[in-house]
Amino acid sequence: MLRLTWVQPEDLVGHELRQAALDGRDASAVAARWEAAGGHPAPDRAGASARPAPRHLRLLATELLDDLVALADPTAAAEPTDLDRIRALCPDWPAPATAASASVSPARLEAAWLGRAAGCLLGKPVEKLPLAGIRALARATGNWPPARYFTARGVPGELLAAHPWNRRSAPTSLAENIDGMPEDDDLNYPLLNLLLLQRHGRGFTTADVARVWLDELPVGRTFTAERVACRNLLSGLEPPLTARHRNPFREWIGALIRADVHGWTNPGDPAAAAAQAHRDATLTHTGSGVHAAMFAAAVIAAAAGGAHDVHACLRTGLAVVPPGSRLAAAVRHAVRLAATHTDFDTVVDALHARHSPAHHWVHAVPNTALIAAALTHADGDFTGSVSRVVSGGWDTDSNGATVGSVAGLLAGSPAALPEHWTGPLKNRLATSVGDFDGTGFDTLAHLTHREATRPCPSPT
């Protein structure tokens with residue numbers, strides 16, 4: 001039986017009810033109808049429940065999804081998705097870049113690509129595992145906090161039985177198995193955005209993003225909001241409706257993991273990077289999902305422009321997020337925690353106590369908070385940053401990728417990154433996107449540099 005993940009209506013209702021609780025919509029009547037009909041909560045970690053729902057329950061699910069998204073949203077004023085409204089709420093919105101703005105070197109971009117890959121690879125085998133499992137597996141091999149890639153060598157069998165590695169990733173991402181960078185959506189999306197800029201330039205539209213996806217992105221390599229948006233496109237819907245129609249994942253982390261190229265190609269211009277990330281994000285996301293992408297793009301643009309102070313980069317990221325939003329509050333709280341406690345495990349425990357009860361482990365709010373906490377606590381050091389963020393659980397590979405990108409930029413060159421992280425990558429990544437399979441990170445850096453230095457036809 002084929003159970004396509006992330007699109008079954010009977011599974012989406014539970015996720016939409018959870019999202020309604022986060023943004024304050026009163027969904028009690030809908031929840032009561034769903035429960036009375038025999039509907040189930042959303043799967044905790046899987047993308048689909050084990051069995052399809054009866055026809056009457058599936059029909060009810062589609063009706064309730066539309067009812068839920070139509071409910072009044074009390075957070076809309078403080079957490080807009082429209083770019084002009086976001087700007088109006090941000091008193092410290094960065095000034096546009098001038099002709100004297102910083103540039104970025106191919107070497108710095110190569111360090112960013114390598115850092116993104118290494119951070120992603122560190123997090124891959126423990127993705128979806130609970131925090132206790134990640135800690136136990138790393139401690140069993142003397143690798144806590146994880147300062148090198150995870151290994152199964154020396155891990156007791158009973159521990160592996162209790163906390164099995166991610167089944168899709170372990171064959172390619174445990175230390176003893178690594179042979180270049182394996183395929184991952186956290187690397188596929190930067191490649192897609194590189195294609196986007198090559199074809200449409202930095203003045204691209206959201207519709208251009210959709211066109212590139214339809215041409216180049218295998219739908220089986222998409223998840224959560226991205227898979228729903230592809231379904232919506234194929235149903236004839238256009239952006240921005242693609243982000244809202246029966247899409248309970250619209251505030252999850254997917255847009256954030258697509259933000260790097262927008263920061264890399266706007267060095268020293270966080271406002272342009274955030275606007276570029278916004279046009280990308282609104283194909284699939286709204287609210288916090290869009291704000292997280294803009295935050296990441298602005299942080300990365302600041303670091304790409306030659307900034308060496310990670311704390312200043314994070315403040316720049318917050319300047320493009322509505323200050324009264326849930327995301328801004330979560331990041332500020334995480335930064336305070338990281339600045340207060342010397343033990344990062346204490347920081348992580350506090351973040352989980354605050355966010356885990358209400359949020360899915362892929363939601364943008366807790367993951368962005370963890371990213372900010374890790375970079376703050378490690379002061380931007382590469383190993384310290386990727387180690388801390390992966391040690392925090394939740395979306396380990398995506399968070400490792402974003403933090404690795406920022407810390408790689410801060411390091412400034414491939415030679416500044418420890419060889420035990422970059423050596424196993426063998427300057428080669430696997431992908432199903434375009435003609436990039438087997439491409440080296442040095443080549444990707446030069447292609448990205450070309451886009452960063454290509455004149456933009458229109459201001460953003």
Side-chain angles (χ1 to χ4, degrees), residues 1-76 78-79 81 128-132 222-232 235 237 241-254 284-289 326-327 330 351-367 393-395:
M1 178 180 65
L2 177 64
R3 288 288 284 157
L4 186 61
T5 55
W6 308 114
V7 293
Q8 308 293 345
E10 61 269 26
D11 296 325
L12 301 187
V13 173
H15 287 300
E16 187 62 59
L17 287 170
R18 194 173 196 174
Q19 177 61 37
L22 290 171
D23 58 37
R25 285 173 289 148
D26 182 5
S28 55
V30 175
R33 285 185 65 192
W34 183 239
E35 184 177 353
H40 54 72
D44 183 40
R45 291 190 171 265
S49 53
R51 297 183 179 278
R55 184 173 183 274
H56 76 277
L57 199 59
R58 175 166 289 193
L59 291 173
L60 177 63
T62 59
E63 176 187 339
L64 296 183
L65 285 168
D66 293 340
D67 291 345
L68 282 164
V69 80
L71 294 172
D73 181 356
T75 66
E79 300 184 337
T81 298
K128 299 184 182 179
L129 286 182
L131 187 59
T222 63
F223 308 93
T224 67
E226 287 70 29
R227 182 167 292 184
V228 173
C230 288
R231 179 206 66 194
N232 287 340
S235 297
L237 301 180
L241 190 56
T242 48
R244 291 195 60 83
H245 182 67
R246 298 176 185 171
N247 181 8
F249 315 119
R250 60 191 178 275
E251 288 200 332
W252 287 19
I253 201 174
T284 53
H285 286 72
T286 66
S288 297
R326 285 168 287 146
L327 189 92
L351 290 174
H352 277 255
R354 182 182 181 101
H355 297 295
S356 287
H359 294 86
H360 190 277
W361 62 277
V362 189
H363 198 281
V365 167
N367 284 289
W394 290 327
D395 200 342

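Both backbone and side-chain heavy atoms feed into the values below; hydrogens, waters and symmetry mates do not. Keep in mind that what you see is a predicted model, and the values were worked out from it rather than measured.
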Novice: Using 30° and 60° as the class boundaries, would you call the ring planes of His360 and Trp252 parallel, tilted or perpendicular?
Specialist: parallel
Novice: Is any side-chain heavy atom of Arg231 closer than 4.5 Å to one of Arg246?
Specialist: yes
Novice: Below 4.0 angstrom, N of the basic side chain to O of the carboxylate: do Glu10 and Arg51 qualify?
Specialist: no
Novice: Starting at CG of Asp23, measure out to CD of Glu79 and round the result to the nearest 0.5 Å.
Specialist: 8.0 Å
Novice: Can you give me the closest heavy-atom contact between Asn247 and Ala225, atom names plus distance?
Specialist: OD1-CA, 3.7 Å
Novice: Just wondering, do His15 and Thr224 contact through their side chains at under 4.5 Å, heavy atoms?
Specialist: no
Novice: Looking at side-chain heavy atoms only, is the closest gap between Phe249 and Glu226 below 4.5 Å?
Specialist: no
Novice: Flag the pair Leu57 / Trp34 as yes when at least one side-chain heavy-atom distance between them is below 4.5 Å, and no otherwise.
Specialist: yes
Novice: Check the surroundings of atom CD in Glu63: do more than 12 heavy atoms from other residues, nucleotides or ligands lie under 6.0 Å from it?
Specialist: yes
Novice: Do any N or O atoms from the side chain of Arg227 and from the backbone of Thr5 form a donor-acceptor pair under 3.5 angstrom?
Specialist: yes
Novice: Which heavy atom of Arg326 sits nearest a heavy atom of Val365, and at what distance?
Specialist: O-CG1, 4.4 Å
Novice: Provide the closest heavy-atom pair for Arg25 versus Asp73 in the form atom of the first, atom of the second, distance.
Specialist: CG-CA, 3.9 Å
Novice: Of the non-hydrogen atoms in Ala364 and Gly289, which two are nearest, and what is the gap between them?
Specialist: CB-CA, 4.3 Å
Novice: Taking the side chain as C-beta and beyond, is there a heavy-atom pair between Arg250 and Val228 under 4.5 Å?
Specialist: no
Novice: Could you tell me if the side chain of His40 sits less than 4.5 Å from the side chain of Asp11, heavy atoms only?
Specialist: yes
Novice: Please report the closest heavy-atom contact between Pro43 and Ala48, naming both atoms and the distance.
Specialist: CG-C, 3.8 Å
Novice: Identify the residue among Leu68, Leu71, Val30, Asp67 that makes a side-chain contact (heavy atoms from CB on, under 4.5 Å) with Glu16.
Specialist: Leu68
Novice: For Glu251, is there an ion pair with Arg18 - N to carboxylate O distance below 4.0 angstrom?
Specialist: no
Novice: Do the non-hydrogen side-chain atoms of Val13 and Leu65 ever get within less than 4.5 Å of each other?
Specialist: yes
Novice: Heavy atoms only: give me the nearest Gly393-Leu131 pair and the separation to one decimal.
Specialist: N-CD1, 4.1 Å
Novice: Checking the side chain of Asn367 only, and the main-chain atoms of Trp361 only, is there a donor and an acceptor separated by less than 3.5 Å?
Specialist: yes
Novice: Do Thr284 side-chain atoms and Ala243 backbone N/O form a donor-acceptor pair below 3.5 Å?
Specialist: no
Novice: Assess, by modelled atom type and distance only, whether the side chains of Gln8 and Arg58 contain a donor and an acceptor separated by less than 3.5 Å.
Specialist: yes
Novice: Quick one: does any side-chain atom of Asn232 pair with a main-chain N or O of His245 as donor and acceptor, under 3.5 Å?
Specialist: yes
Novice: Can you find a heavy atom in the side chain of Trp394 that is under 4.5 Å from one in the side chain of Ser356?
Specialist: yes
Novice: Out of curiosity, Leu17 CG to Ser28 OG, how far, rounded to the nearest 0.5 Å?
Specialist: 10.0 Å
